[in-house]
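Taking it in order: structure first as structure tokens, then the write-up.
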Protein chains: 2
Amino acid sequence: MPQQRARLRLIDVAERAGVSIAAASRALSGSAGVSDAIAERVREVAAQMGYVANVHARTLAGGASTSVGLLVHEIGDPYFTEIASGVLRVGAQQGLTVQICHTGRDPENELVQVRTLIANRVRAIIIAGSGFVDARTQASVKQDLQAFQETGGRVAVIGRHHLGTDAVLPDNTAGGRSITEHVLSLGHRQIAFVAGPRTLTTVADRLAGAAQALEAAGLSIEDIPVIEEAFTREGGTQAMQRVLDDHPDVTAVIALNDDMAIGVLAALRARGMAVPKDISVAGFDDVAVAEHLSPALTTVRLPMAEMGEQALLLALKQPSARPRRRTTTHSLVVRDSTAPPPRPKR
Amino acid sequence: MPQQRARLRLIDVAERAGVSIAAASRALSGSAGVSDAIAERVREVAAQMGYVANVHARTLAGGASTSVGLLVHEIGDPYFTEIASGVLRVGAQQGLTVQICHTGRDPENELVQVRTLIANRVRAIIIAGSGFVDARTQASVKQDLQAFQETGGRVAVIGRHHLGTDAVLPDNTAGGRSITEHVLSLGHRQIAFVAGPRTLTTVADRLAGAAQALEAAGLSIEDIPVIEEAFTREGGTQAMQRVLDDHPDVTAVIALNDDMAIGVLAALRARGMAVPKDISVAGFDDVAVAEHLSPALTTVRLPMAEMGEQALLLALKQPSARPRRRTTTHSLVVRDSTAPPPRPKR
DNA sequence: ATGAAAGCGCTAACAC
DNA sequence: GTGTTAGCGCTTTCAT
């Protein structure tokens, strides 16, 4: 192996420019204390030599960290994909590098990843996705995050509360109410919910909104089937199979996220049921493909990319004494997968 | 602000464990030269104190870098999402942090991002996605990558050649041949291709395979419409509109990636054409939603996640004198969007 | 405005 | 096996 000592250092460009290493540093990092003439020259020489400062040395020496961390359950989940896209966008725009980690929906792993990010001295950590209810690891995470913040690190979460940090919160409750009202207004009374584990705050909140809408219509969520499966496409399929088997009278299904709704649609197709003729289906999130499904999915739009942007922007601000909250907008998007219920067969 | 000096250092755990800083370092980094007893004790103390080594200091001091970079056009594109998922998976498994950057399909920006990654002294850079034909910036990228490799960095690319590095290459040509053969075997003769810019190697290769299949059937790609638009969903919609307007006799459309196929389906739906009854549609890639579209999309499956995994694994291996190539498998996935052509109307 | 020099926290020689 | 120490490449006082 040849290598390793070829890389340019600050001193190389300083020498070439005929100035001290200190001056060169100031010129390149844009700090004050150099004449414009020198600054200009140094930058020229550096560009010409193709010099790029070593981020590790820079950070170690006291410069602010130039990277941020993003924690998602799984980047392949379209909800997180779009959030990541937003985070990446503002990261690039601010000259920050973004490190993305999977938690794989595993609390233990979430803790490991948080620690890795802290070890990397990232400037900020963005945590996306519902929290878990594993009290023990959650406490550890909270504690580590606390320490991280005390030493100058910044944290923002998306879609979860209870971590004592700045947060971007989709209005899941209002959204849940909204989509449920829509389905009710169509005339449906035999409704089923296809949900992820209630222990996810996202699920709990959306369900709470649904309960409000039902109540206003004189119904009680207690009397309505809420099928819990994994908060994924496969979970949606399984849940829908259960609905079909156990509640054949259902005329409308509300899935608590689009991914599950896609699974629901698949299950229905497999059973030869027409949507929305035989049964209506609604989702939640409005992921990019929702409008391209067939039938195009009625859902609640959440500005996911924007949520990612907001979260990073929030984290980059001066810390405030009390955690800040940003509640995002949501809007009902009615497409082709919902319609009035079929006339009762009897 | 309180902060900043609270963070634990190696010396803190060394003192607490009653050993030298060197011993502590060895214990924690797992190098040889410490008795098991001491190693154990140090690790215990560190864990108990919640110490995590500063990655920047560690890397600067000569330890190998613990992060890798991944360059994608746009993480929201499902093709890249799945590749990223694979890269993240093996990254986590190897204890490596993954920095993801968007190029936004912009050559200038690609160069900027490559330089950022190099400045971060990542251990390896994975570049996913077709190359551009902007000769000038491509040359700069190649040159920077060259220098990076000479100083010990590793590089692997996915789906592009011509960069003189290790590469994971989907067999686009064979795939293009395969999907075209399928459509021909159904009896279609009035075919159109919906493609991204031919300047993308991916597009060129897939088209080359299609040409082979057509030729074997006694047709020439010269006589067949190849509509070029952006290699995206929107591009697919626009291209399909052009096909409908300019080539009304077409009975089958082959989109050169699934994202475009989704756009094609949308255009067809808007025009009230039934798939596959009136017209057949095929895609390429088999992204996760392909099977959930309606009709479920006939396409060529590429193991995207696995390609991401392979690329990182390749990059992490000992460098070889000559660039290595891994050609991936592909398989035709026939679903519901293709069928024999309708009987001629005339 | 400019330069000399003291670290940042760690690893890797190098002694013992 | 263990400890001492010289850097890694940079930013930042602190003199000048």
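A note on names: the letters A, B, ... follow the listed sequences, proteins ahead of strands, and every chain is numbered from 1.
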If we ignore hydrogens and angles and just use 3.5 Å, is the side chain of A:Arg41 paired with the main-chain N or O of A:Ala17 as donor and acceptor? yes
Please check if the side chain of A:Thr66 supplies one atom and the backbone of A:Leu96 the other of a donor-acceptor pair under 3.5 Å. no
Tell me which nucleotide among [options] gets nearest to the side chain of [X].
| X | options | answer |
| --- | --- | --- |
| B:Ile21 | C:dT11, D:dG9, D:dT2 | C:dT11 |
| A:Val34 | C:dT2, D:dT11, C:dG9 | C:dT2 |
| B:Ala53 | C:dG3, C:dC10, D:dG3 | C:dC10 |
| B:Ala57 | C:dG9, D:dG3, D:dT12 | C:dG9 |
| B:Arg26 | C:dT2, C:dC14, C:dT11 | C:dC14 |
| B:Ala61 | D:dT11, D:dT2, D:dC8 | D:dC8 |
| B:Tyr51 | D:dT11, C:dC10, C:dT2 | C:dC10 |

Taking atom [atom2] of [N] as reference, at what distance in whole Å does atom [atom1] of [X] sit?
| X | N | atom1 | atom2 | value |
| --- | --- | --- | --- | --- |
| B:Leu28 | C:dC10 | CG | P | 9 Å |
| B:Leu8 | C:dC10 | CG | C1' | 15 Å |
| B:Arg121 | D:dC8 | CZ | P | 13 Å |
| B:Ile11 | C:dC10 | CD1 | C1' | 11 Å |
| A:Leu10 | D:dG7 | CG | C1' | 17 Å |
| A:Ile118 | C:dG9 | CD1 | C1' | 17 Å |
| B:Asn54 | C:dC10 | CG | P | 6 Å |
| A:Glu15 | D:dC10 | CD | P | 13 Å |

Relative to each other, are the rings of B:His73 and B:Phe80 parallel, tilted or perpendicular (30° and 60° limits)? perpendicular
Judged by each residue's nearest nucleotide on DNA chain D, which is more toward the 5′ side, B:Ala22 or A:Arg58?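 Counting from the 5' end, the first nearest nucleotide belongs to B:Ala22.
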For B:Gly62 and for B:Ser20, locate the closest nucleotide of DNA chain D by heavy-atom distance; then report the residue assigned to the nucleotide nearer the 5' terminus.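 That would be B:Ser20.
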With heavy atoms under 4.0 Å as the rule, sort B:Ser35 into base, sugar-phosphate or nothing. sugar-phosphate
Search all heavy atoms of B:Gln138 against all heavy atoms of B:Arg160 and return the closest pair with its distance. NE2-NH1, 3.7 Å
Test item: A:Leu145 and A:Ile127 side chains (from C-beta on) under 4.5 Å apart, heavy atoms: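 A side-chain contact exists here, since the closest heavy-atom pair is under 4.5 Å.
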